[in-house]
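Note on naming: letters A, B, ... go to the chains in the order of the sequence lines (proteins, then strands), and numbering restarts at 1 for each one.
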Amino acid sequence: MPLLYPLLLSSALFGIGLYGVLARRNAVMVLVGVELMLNAVNLQLVAYDAWFAETLHTGQVLTLFVIALAAAEIGLGLAIVMAMFRATGSIDVDEADRA
Amino acid sequence: MSIPIDWATAGPAVIVATSALVALMVDAFWPRRSWFASSLPLLAGLVGGFVELGRTGSVDDVSAALTFVILAGTVLVLVGATVMSDEDSMPPGELHLLLGSAASGALVMVAARDLVTLIVAIELLALPSIALIGLRQGDRRGIASSWTFFLTSVVSTAVTLMGVALLYGSTGTLTYAGLSRELVDPAVPDAVVAVAVVLTLVGLLFKLGAVPFHAWVPDTYRGASVVIAGFLASVSKAGALGALLVLLAIGLSPVDDVWVPVIAVVATASMTLGNLAALRERDGVGMLAWSSVAQAGFLVAPATAVLTAEGLSAPLQYLAVYALANLVGFTALAVVLRTRGSTSYDTLTGLARSEPWLGVPLAFVALTLAGFPPAVIGLVTKYVVLRPVVDDGLTWLAVVMAVNVMLGLAYYLRLVVVLVSRPADEPDGITSRPAAPTGLATAAVAVGTAALVVLSVLPGLLIDHLP
Amino acid sequence: MIRRWPYVALTAVVAVAVAIWAIPELDQRAFFGYVPTNATPTMLPSLSLDTRVLPDSAKVMLLAAGVTLLVQVYSTAYMGKDRRYRSYALLIVLFLVAMIAVVATDNLFVLLIGWEVMGVCSYLLIGHWWEQPQSRAGAMKALVVTRFGDLGLLVAIVVIGQTYGTYSITGAWVGAADQGQQHGTAIGLLVLLAVVGKSAQVPLQTWLPDAMPGPTPITALIHAATMVAAGVYVFARLLPLYGNDTTVMTALAVVSGVTMLLAALFALVQHDLKRALAWSTVSQLAYMFAAIAAGAADVGISHLVSHGAYKALLFLGCGVVMHAVGTSALSAMGGLRTTLPATFWTMTIGFAALAGIIPTVGFFTKDRVLESIHVATHGETPLPGGVAWALLVVAYVTVFVTAAYAMRLWMLTFLGLPSKQHVEPPSMTWPLVALGVACLALSIGEPLDLDTAALSTLVALAGIAFAWWRQDADLPGPVQRPLAAELGLDHPITRLIPAGTIGVARVADAADREGIDVYPRGGAVLAGLVSSAVRALQTGRVQVYASVIAVGAFVVVLVGVIAR
Amino acid sequence: MSLPEAVFLILSAVAVASAVLAVGSHQLVHAALWLVVTLGAVAGCFVLMTAELLAWVQVLVYVGAVVVLVVFALMLTRSPTGSQSAEVTRNRPLAAVLGLLATVGLAATVIAGFRHERITGRLPGTAASIGDALFREWVLAFEVLSVVLLAALVAAIVISRSGSENR
């Protein structure tokens, strides 16, 4: 399989994720964009790892870490969203930040 | 099977992280919730970190110096945070846990010698910092700031991770030693390496608050409690700068033709934009926030010459003084905020007369950051960061730095003038000042200022003892 | 009631310490008698406390300490009822300490610090009566103008450090002796900029007369004996680093020549005693620089010491007169000979010294300056012969003008009919007596060149005769008016003097109104625009921030890729 | 074209399409569900690229935990079915440009660097091999990660408690 396939897929996901982060009005949806970006990174790491086929599995280990970090980030992010909702009654990004 | 851990790398961080956990436990199980009961374990942990540093040393001199700066900075933050000890909305146990975790994240950042550990450490610094910013419960501004920092941080982390992935794809390794070995190989794809290196630096430059990754700084510093803003401006930056220096000097040394111009451009933009924005600031915290953007430029500028001995040590020396001065400044402002309810210049007018214990240190801090005698140490460190840039032949950058020193004088000296001038109308002698537990924080301010004064008299102490 | 004598005692202690330190160093006479042999190079801007007191440094230190002590004594009467006496007296002591640091140190950064502290002290002292607007304006002007010059010193120090690899003055001397003077022109011109500001030479002369609203003892201290003299001293001290440079010496000669004559003419037409004395100071400082330009630094320092003594005397006397009359306008004076006898006799000695009448010290030291310029016309010094001749002529003309204005001031102040009875407090008169004695005593043992002495005495007598002939009449209108307006050098400074000074003067004015808003106003337009633009992005909308980050990432990637 | 390649391409198409829907859908819950599809497709890609363990982790952590969290958050913060006319901010044009630029830029970079390379898949990332690498080489990072998770847990709790009065 050409190495380029996963890499191009990764590029596309990264761009879509970035768009989601920058454009969505709902804070939760912004987080969805973040997840897409991180998945793009993971795809690249795994692809390189498979390509190098090294025993250290650096790529896959880092991918594992990134998944864990993403989970932590999303947890904290949702907590902030909840707090924001309680404080302002809205999770509209445009409104909340000007408060 | 024994698990291989390099204690020289991990020692202080592990001690600090453990003590942070103990702090949380103490808070949770102590019969009466008490601020000091939970701060003591963390303090002990930080002291333990010093001891561990003295016992085993660190990976190398640079990391040891950074470790020292981070530990000392965290101690000051911890003491300064006592101004909040009577606030019901500030949970002590969680505060101390998060503070300790973030500090240990910074410690790991400077000790890391591979990008995997670095990424995890960056997150260990970032996630607790996010929570610290929004910690004051029910504070809308705090939460909004927290969200700002969270989202920008996450985006920059994702960008950095993309850079790391590309770097891995180009070289097949993520340890610094491996990178510097592989990057020499002509077979690595040039274009990919260039993109990868720059993207990798984004996360660290973001933590430093350097332009164009600075947008979060003013909002976040204003929204967070002032002491926490001080933490972000000093300890967090120390971690980021340390990681940046080590990464550039060891891991990415073969591709300096890529990052030198990037660093130079970022430094120029940071200094200039930060200073210009600070010129219009009429609030103590806001001024320090923008000034910290400008100072980030001064911090990274000598990193263009990081491959020389001076280029490696100059940012360290600058950082040590900058972090100390900033912590003193933010702590003093935190006390002012508690006692006067605001840190605007109107509030600060005449502070050096009415409350010399706060006003004079603040003025001295402003002079230090400006690099203006009598705060000689500020001048010395300005010179120190300028020198490697000149020696490295980046004359234009040196000129930009010199011009920015002059620009900076304007707003720092204005703060000094505000502090020493007479208030327009004398504040009534006995206004209803809320009694706040400011004693320890004021003492920390005094100690920090004394350290700055001593360094001003004997700059050799700093110059000789940092690598 | 403020207790005043402790401050005198404090000053006395410092002065005695200085005396014990400096007097043993006086045995050599020449400034360059000291030949440095070894020096420990210190590369970083360290602040070593090394000192190196040369014979001429010792003289300057003794002068500073002595005058400060007398001023402090004098102030107990002059400023006794001032409610800010405490800060006033302490600032004087701080000022002395800073002066000693400048004179005695061997470290360029300590020198810089002392230099700056003096500037700040003088700012605070000139502005002591800050309730008066002209006090504030004068103080701010002094600070900003001298600070503009100080930039020159700072850059000069860095250049010296980079050139000779040390920030020790002795070390730099050794370097210059071993490898020849390097970057002499640059260093010399930078130091010249600094001292031109500090010593109020053309084109940065305007601050000194404007500093006159300060308390008169301060004028005597700062603007006669110490701070302005520090400029001369520092230039002489660093002379081995650029003394062979023709450009620097010529520039110095031109500056001093223009200044000495111009300032003397300004003094001739003043209607204000204190302001006339201020211009006289500027003119006399130019004499010292002329001597240095002619290659005789030790002569310059001698004149510095002698001028310090008689000008302090004159200013303090002026203070007594002002105390009695209540103003410094010459029109209000006259006939004070009988009502202020001690002041009259001592100031007569002072004016004689200023005019260069034998046997006062002013006569001898001024003659040595003239003599050294004469020697320079032989063309054996770095100063071109032609320039030296021109300087010599100007110096003699200035002798004439100086004698004339000294005579004029003396006449207008003391001669004529007594008006009413005045008092001279003893603590104000006896410093005058001490200085009067010094003006005579210091001339003991001074060498005398008969030709020069005869010529200069003739010229001076001509000047006195001229003044006697004119009495209190003004000069003819076309001459009088522009001179009285000080050639307009001060106000529309805009047209005559290059950009730097303009900005400074304007900004100083604005700064005075606004507290210190210097830069924000100076660069208001540009800074304002960019600043607003930067801050306009701080909308508080996170996604804008994230976009900035993303755009920034693209930009830096482009930088990285393109630079490769 | 071999079978794995074909499957990979199909999965890629699914992933991209569902990702676009996830960031574009006006129905928030639908968007969250489209995210599940994307993540599942990526997990499939992982399997095709020898990363078996990661595929399982992806499914468990993301589909099993993260998405559930997201849906919960959506339900807690607004009415789950209500669609809103403006689901995007004014920042949208800029966001679109930047997203496109990111895609094109990254694609250009990887094409420039890796257009001739092929994955052979010689060394599968099984639980055993990953675990071995993890505890032999990356112990420190792993330990630090554990602290990160703990801190994030506490942080999330303390932040989400914010605003409630019953402290």
Side-chain angles (χ1 to χ4, degrees), chain A residues 1-20 22-26 28-29 31-33 35-36 39 42-43 46-47 49-51 53-57 60-61 63-65 67-69 71-72 74-76 78-83 85-87 91 93-94, chain D residues 4-5 8 12 15-16 19-20 22-23 28 31 35 42 45-46 49-51 54 57 61 66 69-70 73-74 77 86-89 91-92 95-96 98-100 102-103 106-107 110 114-115 117-119 121-123 125 129-130 133-134 137-138 141 145 148-149 152 155-156 159-160 162-163:
Chain A
M1 180 163 60
L3 176 58
L4 221 45
Y5 287 5
L7 299 188
L8 290 178
L9 172 59
S10 154
S11 307
L13 287 184
F14 196 80
I16 294 168
L18 186 61
Y19 167 80
L22 299 184
R24 291 292 263 191
R25 184 182 280 273
N26 184 302
V28 178
M29 289 295 117
L31 293 178
V32 168
E35 291 308 307
L36 287 176
N39 262 277
N42 286 350
L43 262 173
V46 171
D49 187 279
W51 174 47
E54 52 151 343
T55 49
L56 281 181
H57 277 305
Q60 295 203 17
V61 168
T63 307
L64 196 63
F65 287 175
I67 291 176
L69 292 176
I74 207 92
L76 183 55
L78 286 173
I80 296 175
V81 170
M82 299 304 299
F85 181 68
R86 283 206 193 132
I91 54 170
V93 176
D94 259 9
Chain D
E5 275 180 50
F8 191 94
S12 299
V16 170
V20 169
V23 299
L28 295 180
L35 179 66
V42 170
C45 294
F46 282 177
M49 290 188 292
T50 74
L54 286 180
V57 172
V61 172
V66 170
L69 262 182
V70 167
L74 283 176
T77 51
E87 269 307 330
V88 287
T89 59
N91 204 29
R92 183 183 182 183
L98 284 174
L100 198 64
T103 303
L106 280 174
V110 292
F114 305 109
R115 63 182 167 277
E117 313 297 341
R118 295 188 70 83
I119 296 176
R122 281 165 290 154
L123 199 72
S129 63
I130 299 288
L134 197 57
E137 293 298 325
W138 307 107
L145 183 69
V148 175
L149 290 176
I159 289 281
S160 61
S162 174

Checklist outcome for this item: When the 4.5 angstrom heavy-atom criterion is applied to I80(A) and chain D, the contacting part is both
Next on the checklist: What I'd like to find out is whether the side chain of I16(A) reaches to under 4.5 Å of the side chain of V16(D), using heavy atoms alone.
Outcome noted: yes
Checklist entry - What closest approach, in Å, do I119(D) and A47(A) show between heavy atoms, and which atom pair accounts for it? => result CD1-O, 3.9 Å
Checklist entry - Quick one: what part of F114(D) sits under 4.5 Å from any heavy atom of chain A, side chain, backbone, both or neither? => result both
Checklist entry - Are N42(A) and L54(D) side-chain neighbours, meaning at least one heavy-atom pair lies under 4.5 Å? => result no
Item to check | Nearest atoms (heavy-atom pairs only) where A156(D) meets A79(A) | outcome: O-CB, 3.4 Å
Next on the checklist: Counting only non-hydrogen atoms closer than 4.5 Å, does I74(A) touch chain D with its backbone (N, CA, C, O), its side chain (CB onward), both, or neither?
Outcome noted: side chain
Next on the checklist: Can you tell me which of V81(A), V61(A), D49(A) forms the most heavy-atom pairs within a distance under 4.5 Å of chain D?
Outcome noted: V61(A)
Checklist entry - At a heavy-atom separation under 4.5 Å, does L31(A) approach chain D through its side chain, its backbone, both, or neither? => result neither
Item to check | Region of L69(D) that comes under 4.5 Å of a non-hydrogen atom in chain A | outcome: both
Item to check | Part of L100(D) within contact of chain A (heavy atom distance under 4.5 Å) | outcome: neither
Checklist entry - Side chains of E137(D) and H57(A): does their closest heavy-atom pair fall under 4.5 Å? => result no
Checklist entry - Name the one of L22(A), L36(A), L18(A) that satisfies side chain to side chain contact (heavy atoms under 4.5 Å, CB included) with V23(D)? => result L36(A)
Next on the checklist: Counting only non-hydrogen atoms closer than 4.5 Å, does V20(D) touch chain A with its backbone (N, CA, C, O), its side chain (CB onward), both, or neither?
Outcome noted: both
